[in-house]
Amino acid sequence: MALAQWTNATEWLAAAAQDPQACKNDWQHGTSGTHLLAAGRFWDVLIVPACLGLRVADLLDRIPRLEPGPALLDERRQHVGFFLPPDPASTWVGQGTRHVTRDGWIATPAPHCRWGDLRWLCPPDGSGTLNPPEVMERVLIRAIDDVIRSHGTGHHRHELPHRTIHTPQTAVIAPGALPPPQSN
């Protein structure tokens, strides 16, 4: 990671810390110390099981003209977290899936940390690039199909990760769930 990019990534991530200056100082002095960063302001985090998340990260990296957003691997818990634009009106649901948003916290290492139990699969680039939710939905479906094919079992299809959007009236609209327009 180039120095300017690393500096920008440090600034971008640390802005979500309770004490941004202490976080930046820690990371700038060569440690990979883990800090708790607030979700829901600059980003949300979609957490999926590692068997699925590793395949998703690989697929995202292969999409032409798409700069993938940050993805964080937690080896101890066997999860991958994908940074998405903040969207309090959306909820991601699915077996083993967690959506961390406003009032949630995410443990993150320094942006240069590519080793250890908590490390970046795709580090933040400092520009604010995030994973597009619409792309994540399509890639998750493809990744589930790939995992099922390679494992030879359908138990991963129990409840596919997907996003629902809550309207101000608190109704839930799933993609493709809207009725066709009525003709007069």
Side-chain angles (χ1 to χ4, degrees), residues 1 5 8-10 12-17 32 34-148 156-166 174-175:
M1 183 180 277
Q5 186 180 6
N8 291 341
T10 300
W12 183 73
L13 277 176
S32 62
T34 301
H35 286 268
L36 285 176
L37 304 181
R41 186 168 147 210
F42 300 118
W43 60 75
D44 286 355
V45 180
L46 174 63
I47 299 171
V48 298
C51 64
L52 180 60
L54 292 170
R55 182 64 183 141
V56 167
D58 185 46
L59 290 170
L60 286 171
D61 197 42
R62 294 175 186 208
I63 297 174
R65 295 181 300 281
L66 174 74
E67 190 66 37
L72 190 60
L73 172 65
D74 182 343
E75 277 215 17
R76 285 189 183 170
R77 300 195 62 168
Q78 289 294 297
H79 289 115
V80 176
F82 295 93
F83 283 51
L84 309 168
D87 185 2
S90 290
T91 304
W92 289 80
V93 294
Q95 185 174 1
T97 302
R98 222 178 75 200
H99 179 216
V100 183
T101 188
R102 191 177 308 161
D103 298 326
W105 295 85
I106 188 85
T108 60
H112 66 274
C113 188
R114 303 287 296 257
W115 64 91
D117 290 332
L118 186 62
R119 65 180 178 273
W120 295 102
L121 294 173
C122 182
D125 63 8
S127 72
T129 300
L130 297 166
N131 294 292
E134 300 79 16
V135 173
M136 284 297 299
E137 283 181 292
R138 289 193 305 270
V139 170
L140 278 163
I141 291 167
R142 165 72 190 276
I144 291 238
D145 288 341
D146 290 353
V147 169
I148 289 170
H156 291 286
R157 274 218 184 265
H158 176 68
E159 187 178 356
L160 294 174
H162 63 278
R163 179 173 58 135
T164 57
I165 301 169
H166 302 277

Heavy-atom pair of closest approach, residues [X] and [Y]:
| X | Y | answer |
| --- | --- | --- |
| P86 | G40 | CB-O, 3.6 Å |
| P70 | T129 | CD-O, 3.1 Å |
| C113 | W115 | SG-O, 3.3 Å |
| P88 | R102 | CG-NH2, 3.2 Å |
| H79 | R77 | ND1-O, 3.1 Å |
| L121 | A57 | CD1-CB, 4.1 Å |

Is there a donor-acceptor pair closer than 3.5 Å between any side-chain N or O of [X] and the backbone N or O of [Y]?
| X | Y | answer |
| --- | --- | --- |
| D44 | D87 | yes |
| D74 | L118 | no |
| W105 | V100 | no |
| N8 | D125 | no |

**Asked** Is R98 atom CZ crowded by more than 12 heavy atoms from other residues, nucleotides or ligands, each under 6.0 Å away?
**Response** no

Could you tell me whether the side chain of [Y] reaches within less than 4.5 Å of the side chain of [X], counting heavy atoms only?
| X | Y | answer |
| --- | --- | --- |
| P68 | F82 | no |
| T97 | L140 | no |
| D146 | L59 | yes |
| L130 | L84 | no |
| L54 | D58 | no |
| L37 | W43 | yes |

**Prompt:** Between V139 and N131, does a side-chain contact (heavy atoms from CB on, under 4.5 Å) hold up when you go through it step by step?
**Reply:** CA-CA 11 Å; V139 170; N131 294 292; over 6 Å; no

Nearest-0.5 Å distance, [atom1] of residue [X] to [atom2] of residue [Y]:
| X | Y | atom1 | atom2 | result |
| --- | --- | --- | --- | --- |
| F83 | L13 | CZ | CG | 6.5 Å |
| R142 | L60 | CZ | CG | 11.5 Å |
| I47 | L52 | CD1 | CG | 13.0 Å |
| R41 | T101 | CZ | OG1 | 13.5 Å |
| E67 | D61 | CD | CG | 8.5 Å |
| L36 | T108 | CG | OG1 | 8.0 Å |

**Item:** Evaluation steps, side-chain contact (heavy atoms from CB on, under 4.5 Å), between E137 and I141
**Value:** CA-CA 6 Å; E137 283 181 292; I141 291 167; 5.6 Å; no

